[in-house]
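First comes the structure, then the notes that go with it.
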There are 4 protein chains.
Amino acid sequence: MARSRPARTEEDRAARRQAILDAALDEFSERGFAAARLEDVAARARVAKGTVYLYFPSKHVLFEELVRTAISEPVQKLGRRLLAPETALSIEEVLQAFYRWIRSEILDTKNRRIVHLVLAEGARFPEIAAFYHREVISRGLGLIREIASRTAATGAARSEELVRFPHLAAAPAIVALLWTSLFDRHEPLDTDGLFDAYLALLTRAMQPDEPP
Amino acid sequence: MARSRPARTEEDRAARRQAILDAALDEFSERGFAAARLEDVAARARVAKGTVYLYFPSKHVLFEELVRTAISEPVQKLGRRLLAPETALSIEEVLQAFYRWIRSEILDTKNRRIVHLVLAEGARFPEIAAFYHREVISRGLGLIREIASRTAATGAARSEELVRFPHLAAAPAIVALLWTSLFDRHEPLDTDGLFDAYLALLTRAMQPDEPP
Amino acid sequence: MARSRPARTEEDRAARRQAILDAALDEFSERGFAAARLEDVAARARVAKGTVYLYFPSKHVLFEELVRTAISEPVQKLGRRLLAPETALSIEEVLQAFYRWIRSEILDTKNRRIVHLVLAEGARFPEIAAFYHREVISRGLGLIREIASRTAATGAARSEELVRFPHLAAAPAIVALLWTSLFDRHEPLDTDGLFDAYLALLTRAMQPDEPP
Amino acid sequence: MARSRPARTEEDRAARRQAILDAALDEFSERGFAAARLEDVAARARVAKGTVYLYFPSKHVLFEELVRTAISEPVQKLGRRLLAPETALSIEEVLQAFYRWIRSEILDTKNRRIVHLVLAEGARFPEIAAFYHREVISRGLGLIREIASRTAATGAARSEELVRFPHLAAAPAIVALLWTSLFDRHEPLDTDGLFDAYLALLTRAMQPDEPP
DNA sequence: GATGAATGAGCATTCATTCAT
DNA sequence: CATGAATGAATGCTCATTCAT
C-alpha cells in the first residue's frame, strides 16, 4: 500500500487523528467496543495498523477519546443558544428548540451512534460514564432545570415536576434514539410526531391554574 | 474440582440449565457479550467449561436464550393483570400499576440487566431485537394503546397522544433503567419520584376539558 | 434412550463387541483415526459412549483391535486354500485365484477399508504395522514366493523375479485398492481388466524359453 | 522468543512461506492431518503461531497448498524429459528412466512423504484427490500410455496391456513407496532390485512375437 | 513518521475419558 | 452391566500490541 504522507504540521496530525476517530466511530458502533478490530479501524481511516498507535496509545483510549470529544462541542453550542440572556423564550419554546436540536445534532448525525455507544458500553467505562454525567447529562439537565425553575418562579407554567426531574424532558429523546437503533426496521417511529405529541402533553400539563 | 452430580432427571437438568443462565446473566451484563468468557460463566455456575456446551450449543445461543426466556413470563403476567376484564381501572391507575410493575419486576430484579443487555447488544443480534419487538415491545405498547384508546373513547381523559405514541408511557422507565446502570453512582435517581412526577404531569395533561 | 439388555452370556458380549468394531470401522474409515469420534462409534453401535470403554480400554486399542482382527481370518483361509497339498495348480492359476480372492475378500468387502486404514495410519501405529507385516504381508508374500519357487524349480515357468520380489504379485492389488478409494469418482477403474492384463503380462513373461 | 525479521520483500516472504511448508510437511507426515498441531508447525518453522496465519488462512488450506505445490514441478520436469521430441527411446528405456525418476524425485526426497500423505488423507480431501488425479495421475498415466501406444503401433513391443492399463507401470513404485513408509524397519526392501525385476518381467512380456 | 509483519496471550469449542446413578 | 452427564486438557484461530524497516 502507498505510504501516507508524513503528518508534519499540526494540522496534518489533527486531520489524521480525526480520520481515525471517524473510522473508529464506524467500527465501534457497528460491532461494539470488544468486537471492533483495530485493523478495520485503520483500514477505514486509510492508515496502517501501527499508525493508530501513533495517535492513540490503546484501543481503550481510542474509544474514550472518541466518545469524549464528539459530544462536547454540540452540547456547549446548545447551552450558549438556550441560555443566551437576551432570549426570553417560554419553556415550551425552549423544549421545542431542545427537541429540534436533539433531532438535528444527535438523531440525524453520527452523534446518535456515539450516544448509543455510551448507553451500551458506558457501564464498562467508568470514566466515560463519569465524563458523560459531568459534561453532558448534568449540564443538559441543569439547563432544563434552570429554565423550568425560572418559569415556575414567574408562575407562567406549572413546571415544578421538570424542576425536580428535568430527566423527563429528555425521556422521549432517549426513546427515539434507542428505537431507531433497535426497532426501526420492524416498526418505524415518527420521531417528530413523538416529540410533538410529548410537547402537546407537556404544554397542557403545564397550563397554569386558571385565574379566578 | 469436585464433579457435579449428574443431572439425570428433567428437573435436575432444568435447575442446572438455570444455574448456567444465571451465571451467564452475571457475566454478560458485567462484561458485555463479546468480552464475557464462557469459562467464567461455567465457573460461576460451578460446572466445567464443557458442561455449558451440554446445555447450550454456543455462546451466541446461550445469550439468545438468556434474553429470550427471562422477560417473556413477567410480560405475560402483566398483560393478564392489566387487561383482566373485571378490572375497570382508570388510565392513571393503569399507568401507576405499570410503573409499579416496572419497578418490582424489572428495575429491582435481574431483569433490569437483561433489558439493558437488549438495549446494548440488540443492534448486533437481529433475532433478539426482532423477538423483543414482537414479544415485549409490541405487546407492551399494545396494552398501553388499548387502555388509552378505551379511555379516549369514553371521554374520560385526553389520552389521544398516548394512543398514537404509547412509547411515551414507557419513556420514564427507560430513563430510570439507563440511569441506574450508568449514572446512579454519580447522582442517584429517585425512581419513584420520577414516576410520580411523570404521572402527575400526565394526569394534568389528560384532564378532560371542563364542560362549559 | 432405551438401555441395552445387559450382555450376560459370553455370546452376548461377543456380539456387542463386534457391533462396536463394525461401527468403529465405519467411523475410522470415513474420518481417519484422529478425527473419528468415539461418540459416533457408540451411536452407530447403538450403545452408550461409556459402554465402548467396557469393551475396549481406549480409542487407540479399539483401533488396533479393529485392524488386527479383521484381516487374520481371511488370510488364513487363503493360505489353507492355496497351499492345500492336493492342489497342484500352476503359478498362473494360483495368481488368478489370488486376484479373485483379493477381489472377493478385500476389494469388495469392508476389508478394503481396513487395509486402506493400515496403509494410511500404519506409520503412526508401529504395532499395527508390525502385526500386519508379520501376519499378513510376510505370510502373503511367503505364499507367493513358495509357489513361484516351486514353479521355478520345475522349470515350468520363469518365475525367478517373483521369487525374489513376490511383492510384484501384489502390486496391482494395491493399485486397485488405492485407486478405488481415491480416484474412482473421477475415473473408474476396471479392476478385473487390470488383473487380467497383469496376468497376461506375467504369463508371457514367465513363458519358459522354448526348447531348441 | 526472538522476533523473526519481518519479511518485507517478496523473496523474504517466499522463503518464510517455504519454511512453514517444510515444517508442515514434517508435522503432517509424522502425525497425519488431524493430529498435527499448528503450534508445532510454527515452532518447527521458527515462527510464532500467529505467523502461520499470515501465510495460510487455515490448517486445511495449509495442507492443501502443501500437497498441491510440492509435486507439480517434478511431474512437469518428467514430462518434458520423457516426451522430448528428439528422444527416440524404446519403451524399456522410458520405463527405466521413469523408475529412476521415481527413485530420485519421489522416493529419496520429501516428496515421498507428500505422496504418502495424499494416499493416506486424500479420501478426506476431495479437492486434493481431484487435483492429484488431474495434475499428477492423469498426466503420468497419459505419458506412459502415449509411449506404450507409439510402441505398440510400430510393433516394436507387445505393450497393449500398458496402453489399456498404464497404471501397471506405476504399480511397483506405489509398492515401494508404501513399503518404505510401513515395513522397511521390519524388512528392508531393495527398491532398485524391485524395479529391475519388474523391468525384466515387462521386457520379456513385451517381446514381440518372433517372426516366422 | 509510517508501515505491516510478527508476536503470543486469549478464547470458543471439541472430545477422550471418568464415574455417579 | 449400561448409561450419559460431567470433566478439562487440548487446539484452531483471533487480534491488540510491538518493533524492525
Determine whether a donor-acceptor pair (N or O, by modelled atom type, separation under 3.5 Å) exists between the side chain of C:Tyr132 and the backbone of C:Val67.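 Checked: pair present.
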
Does A:Glu64 offer a backbone N or O that forms a donor-acceptor pair with the side chain of A:Glu127 under 3.5 Å?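 A pair under 3.5 Å: no.
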
If you find the nucleotide of DNA chain F closest to A:His60 and the one closest to D:Ala34, which residue's nucleotide is nearer the 5' end? D:Ala34

Any idea which of [options] is nearest the [X] side chain?
X: D:Arg3; options: E:dT7, F:dA16, E:dT3; answer: E:dT7
X: B:Pro6; options: F:dA2, F:dA5, F:dT7; answer: F:dA5
X: B:Ala48; options: F:dA20, E:dA16, F:dT7; answer: F:dT7
X: D:Arg8; options: E:dA6, F:dA2, F:dA20; answer: F:dA20
X: A:Arg13; options: E:dG1, F:dT3, E:dA6; answer: E:dG1

Just how far, in rounded Å, is [atom2] of [N] from [atom1] of [X]?
X: D:Glu10; N: E:dG4; atom1: CD; atom2: P; value: 14 Å
X: D:Asp12; N: E:dA5; atom1: CG; atom2: C1'; value: 11 Å
X: C:Phe33; N: E:dC15; atom1: CZ; atom2: P; value: 13 Å
X: B:Asp40; N: E:dA12; atom1: CG; atom2: C1'; value: 13 Å
X: C:Leu38; N: F:dT3; atom1: CG; atom2: C1'; value: 15 Å
X: A:Phe28; N: F:dC15; atom1: CZ; atom2: P; value: 13 Å
X: B:Arg46; N: F:dG8; atom1: CZ; atom2: C1'; value: 18 Å
X: D:Glu39; N: F:dA9; atom1: CD; atom2: P; value: 16 Å

Anything below 3.5 Å on both distances counts as a pair; with that, list the stems of at least three consecutive Watson-Crick or G-U pairs involving DNA chain E. E:2-21 with F:2-21

Any heavy-atom pair between the side chains of [Y] and [X] that's under 4.5 Å?
X: B:Leu21; Y: B:Tyr55; result: no
X: C:Phe63; Y: C:Glu121; result: yes
X: C:Leu119; Y: D:Leu119; result: no
X: A:Val136; Y: A:Val115; result: no

Would the base of F:dT14 count as contacting A:Arg37 through its side chain, where contact means a donor and an acceptor less than 3.5 Å apart? no

So if I take residues 49-57 of chain A and measure heavy-atom distances to DNA chain E, which residues fall below 4.0 Å? A:Lys49, A:Gly50, A:Thr51, A:Leu54, A:Tyr55

Taking all heavy atoms of A:Ile20 and all of A:Val52, pick out the closest pair and write down the distance. CD1-CA, 4.1 Å

Sugar-phosphate only, base, or nothing, as touched by B:Ala35 at under 4.0 Å among non-hydrogen atoms: nothing

Hey, does B:Ala36 reach any base, or is it just sugar-phosphate, or nothing, if we go heavy atoms under 4.0 Å?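 Result for B:Ala36 = sugar-phosphate.
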
Parallel, tilted or perpendicular: which describes the rings of C:Phe33 and C:Phe125, with under 30° parallel and over 60° perpendicular? perpendicular

Determine, stepwise, if the pair B:Arg16 / B:Val47 fulfils side chain to side chain contact (heavy atoms under 4.5 Å, CB included). CA-CA 9 Å; B:Arg16 188 145 300 167; B:Val47 298; 4.0 Å; yes

Assuming nearest nucleotide by heavy-atom distance, tell me which of B:Ser4 and D:Arg5 is located more 5' along DNA chain E.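 That would be D:Arg5.
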
Test: side chain to side chain donor-acceptor pair (under 3.5 Å). Region: residues 17-34 of chain A. Which pairs qualify, not counting sequence neighbours? A:Arg17-A:Glu65, A:Gln18-A:Asp22, A:Asp22-A:Lys110, A:Asp26-A:Arg44, A:Asp26-A:Arg113, A:Glu27-A:Arg44, A:Ser29-A:Arg113, A:Glu30-A:Arg44

Are OP1 or OP2 of F:dC1 and a side-chain N or O of C:Arg16 less than 4.0 angstrom apart?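 Checking F:dC1 against C:Arg16, no side-chain N or O comes under 4.0 Å of OP1 or OP2.
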
